[in-house]
Amino acid sequence: MRPRATVLHDARPRPAGTNEEEPGLRMRITTLTDDARLALETLASRTGGIVSPSLRLGVTGLARSGKTVFLSALVHNLVHGGRLPVFEPYAQGRMARAHLEPQPDDAVPRFAYEDHVRALIDDRVWPESTHRIAELRVTIEYESASFFQRNIGPGRLHLDLVDYPGEWLLDLPLLAKDYRTWAEESLKEARRPLHADSATPWLAALEGIDAGAPADEATARRLAEAFTGYLKAVREESTTPLAFPPGRFLMPGDLEGSPALTFAPIDPPTGERSRDALWAMMERRYEAYKSHVVRPFFRDHFARLDRQIVLVDVLAALNAGPEAVRALQSTLSEVMACFRPGRLSWLTRLVDRRVDRLMFAATKADHVHHTDHDKLEAILATLVESATDRATFSGAEVDVAAIAAVRATREGRVRQGLEQLPAIIGTPLPGERVDGTVYDGKTEIALFPGDLPAEPRSVLRHEAADAGALAFLRFRPPQLETTAGGTTLSLPHIRLDRVLQFLIGDRLA
Ligand SMILES: Nc1nc2c(ncn2[C@@H]2O[C@H](COP(=O)(O)OP(=O)(O)O)[C@@H](O)[C@H]2O)c(=O)[nH]1
Ligand SMILES: [Mg+2]
């Protein structure tokens, strides 16, 4: 479907204003070992009395799914008292205040909340994307709804938000796989005709490689580079949200260029195996990657989460067609497998807490009219269907929602001949184009984005290929509204309150 755009009027000048929080002071436990701290935290959150209880909420999703924007908007709405009618503690007037405090983990970078909010509100640009883990603590003071709890005194909940790349999650299944199995699977995938364009240079680099020959660093590096090139190319194939492990090859974080990332899948040697062979070297490095990269991530971060939200850019996949949607579905089921306790026994042995609420959110719902939000939610529910059955089975509650962490558009109608079409109104980012017009980032337009299919399963079918294409434009973050009294309202959103209610509402009851 072609984008149908109508220019309405120029954007108004933006108001000045800053939003900064002064973090409070808090005693920190820094000398305990990880295991002791894990045990202590578990104890504390169980008894609830020793220190204020804390809740660790993981925020994940593949690159550009909307993690940074989501966390910034969530915190901004909590701290500034946004419009959150579905979030009960807030709607019932029981939330006294929410403020930032120093995070409990000194070794994890702090989420750059102030910078991101400044970008969104003052500059009306999207925050810069980040490629590593980050953490932020928001402390919520509230009044319990229960008579008995209220008598004990006002409640405090430390909400520890952990933002980490979804690509890293895809590493979890590696823990249960040896090098041979992983190499076989990876090579099989790469040799599928679907990836021909992306895989050719890497497969060419593999030509003539003898896994039984003596190992040498130059060969290892050359293969690792070619393999990384393939992984990146797969990710760029379309806007396909497809990602294969190892996750750090795509999102190295602080490990960029490190030897732990210098391996690649190769075909096994035909003859006898020697300890000095290339095969053995690759095998050792793969195991090293698991023990030095994957395990610590899961022990220090993943295994300590109480709740999790997985952000999914469903609209981008829909836009790219059924192949991309199917790829998204399989990536999501890999992600889901990580939340199935018992699959990796060392993980369940290490800690006895586990994710008990899991939310999947289709982000950027402000790109479609609200009459399509239910359809967007139904499509995501379909994509995670088989996976959510399993999570429900294992005791976790699962919810699915279509959201916009920051609502960049308003709604209206455009006339198309005799038809009145539901439209979204916003300011396209500078450089966005519709029907040959290139926008300057100052002009507001109304756009009919097209309709989502009513039958959610149809998005997986080939014949839906051209039918579903949406008119996609990236819009600037919104101009914040100011009340008659001069107060600037917090960032507008779609259903962030529902997300909050599901993920933390019960802990503020
Ligand atoms: N309109 C709109 N765009 C969004 C929203 N969230 C994210 N985006 C867009 O998606 C891009 C990537 O988001 P970001 O949070 O940086 O993704 P991350 O890589 O998962 O942290 C942003 O630069 C925005 O252009 C949203 O709620 N509404
Ligand atoms: Mg980010």
Side-chain angles (χ1 to χ4, degrees), residues 62-65 129 131-132 165-175 177-211 213 215-253 255-269 278-279 281-290 293-294 313 316-317 320-321 323-335:
L62 296 180
R64 313 220 38 89
S65 57
S129 67
H131 304 288
R132 53 177 195 177
E167 286 79 357
W168 295 4
L169 268 185
L170 302 176
D171 279 348
L172 182 54
L174 297 187
L175 291 168
K177 261 177 218 173
D178 61 8
Y179 173 69
R180 173 185 282 270
T181 313
W182 171 72
E184 250 171 39
E185 285 177 6
S186 305
L187 285 164
K188 197 169 153 214
E189 180 72 37
R191 287 174 177 140
R192 287 174 62 192
L194 169 67
H195 304 306
D197 289 344
S198 306
T200 304
W202 174 45
L203 295 177
L206 275 176
E207 292 284 327
I209 292 290
D210 175 6
D216 83 283
E217 190 58 43
T219 309
R221 187 161 329 134
R222 190 161 53 83
L223 290 176
E225 273 166 17
F227 175 55
T228 308
Y230 154 73
L231 292 175
K232 289 188 171 150
V234 166
R235 188 175 56 185
E236 315 290 302
E237 266 169 18
S238 55
T239 43
T240 313
L242 192 57
F244 299 127
R248 298 294 168 113
F249 282 54
L250 285 172
M251 281 281 163
L255 288 174
E256 186 108 52
S258 114
L261 307 188
T262 317
F263 65 94
I266 55 174
D267 291 306
L278 184 62
W279 176 264
M281 181 202 221
M282 291 296 184
E283 202 165 30
R284 271 194 309 276
R285 289 186 173 179
Y286 171 81
E287 290 303 328
Y289 178 83
K290 279 161 60 177
V293 178
V294 187
D313 193 344
E323 192 74 63
V325 178
R326 279 196 296 272
L328 176 63
Q329 186 180 35
S330 80
T331 305
L332 283 174
S333 74
E334 288 281 318
V335 166

Kindly determine whether Leu206 and Phe227 satisfy side-chain contact (heavy atoms from CB on, under 4.5 Å), including the steps that lead there. CA-CA 10 Å; Leu206 275 176; Phe227 175 55; over 6 Å; no
Could you label the plane-to-plane angle of the Tyr286 and Trp182 rings as parallel, tilted or perpendicular, counting under 30° as parallel and over 60° as perpendicular? parallel
With rounding to the nearest 0.5 angstrom, report the CG to CG distance, Leu250 to Leu170. 8.5 Å
Look only at the side chain of Glu283 and the backbone of Arg180, and say whether a donor-acceptor pair between them is shorter than 3.5 Å. no
Please assess His131 against Ser129 for the test side-chain contact (heavy atoms from CB on, under 4.5 Å), listing each intermediate value before the final yes or no. CA-CA 7 Å; His131 304 288; Ser129 67; 4.0 Å; yes
Nearest heavy-atom pair of Val293 and Arg248: which atoms, and what distance? CG1-CG, 3.5 Å
Rounded to the nearest 0.5 Å, what separation is found between the CG atom of Leu231 and the CD atom of Glu167? 11.0 Å
Please evaluate residues Val335 and Leu62 with respect to the criterion side-chain contact (heavy atoms from CB on, under 4.5 Å), reporting the C-alpha separation (whole Å), side-chain torsions for both, the decisive distance (0.1 Å), and the verdict. CA-CA 10 Å; Val335 166; Leu62 296 180; 5.8 Å; no
Quick check: closest heavy atoms across Met251 and Trp168, and the distance to 0.1 Å? O-NE1, 2.9 Å
More than 12 heavy atoms of other residues, nucleotides or ligands under 6.0 Å from CZ of Arg221: yes or no? no
Mind running salt bridge (Lys or Arg N to Asp or Glu O under 4.0 Å) on Asp267 and Lys188 for me, showing each step along the way? CA-CA 10 Å; Asp267 291 306; Lys188 197 169 153 214; over 6 Å; no
Would you call Glu287 and Lys290 a salt bridge, taking side-chain N to carboxylate O under 4.0 Å as the test? yes
Glu217/Arg285 salt bridge by N-O under 4.0 Å criterion: yes
Enter the distance from Arg192:CZ to Ser198:OG here, rounded to the nearest 0.5 Å. 12.0 Å
Value rounded to 0.5 Å, distance of CG in Leu223 from OG1 in Thr262: 11.0 Å
Any donor-acceptor pair under 3.5 Å linking the side chain of Asp171 with the backbone of Val294? no
Do the ring planes of Trp202 and Tyr230 sit parallel (below 30°), tilted (30 to 60°) or perpendicular (above 60°)? parallel
Exceeds 12 heavy-atom contacts within 6.0 angstrom, atom CZ of Arg132: no
So which atom in Pro265 and which in Ser186 form the shortest heavy-atom distance, rounded to 0.1 Å? CG-CB, 3.7 Å
Leu261 and Pro246, any side-chain heavy atoms less than 4.5 Å apart: no
Minimum heavy-atom distance Ala205-Arg222, with the two atoms named: O-NH1, 3.9 Å
Spatial distance of atom CG (Leu203) from atom OG1 (Thr200) [nearest 0.5 Å]: 6.5 Å
Please determine whether a side-chain nitrogen of the Lys or Arg among Lys177 and Glu185 lies less than 4.0 Å from a carboxylate oxygen of the Asp or Glu. yes
Between atom CG of Asp313 and atom CZ of Arg64, what is the distance when rounded to the nearest 0.5 Å? 9.5 Å
Test Phe263 against every option in Tyr179, Phe249, Trp279 by the ring pair (Phe, Tyr, Trp, His ring centres under 6.0 Å) rule and name the one that passes. Phe249
Name the one of Asp210, Ile266, Ile209 that satisfies side-chain contact (heavy atoms from CB on, under 4.5 Å) with Thr219? Ile209
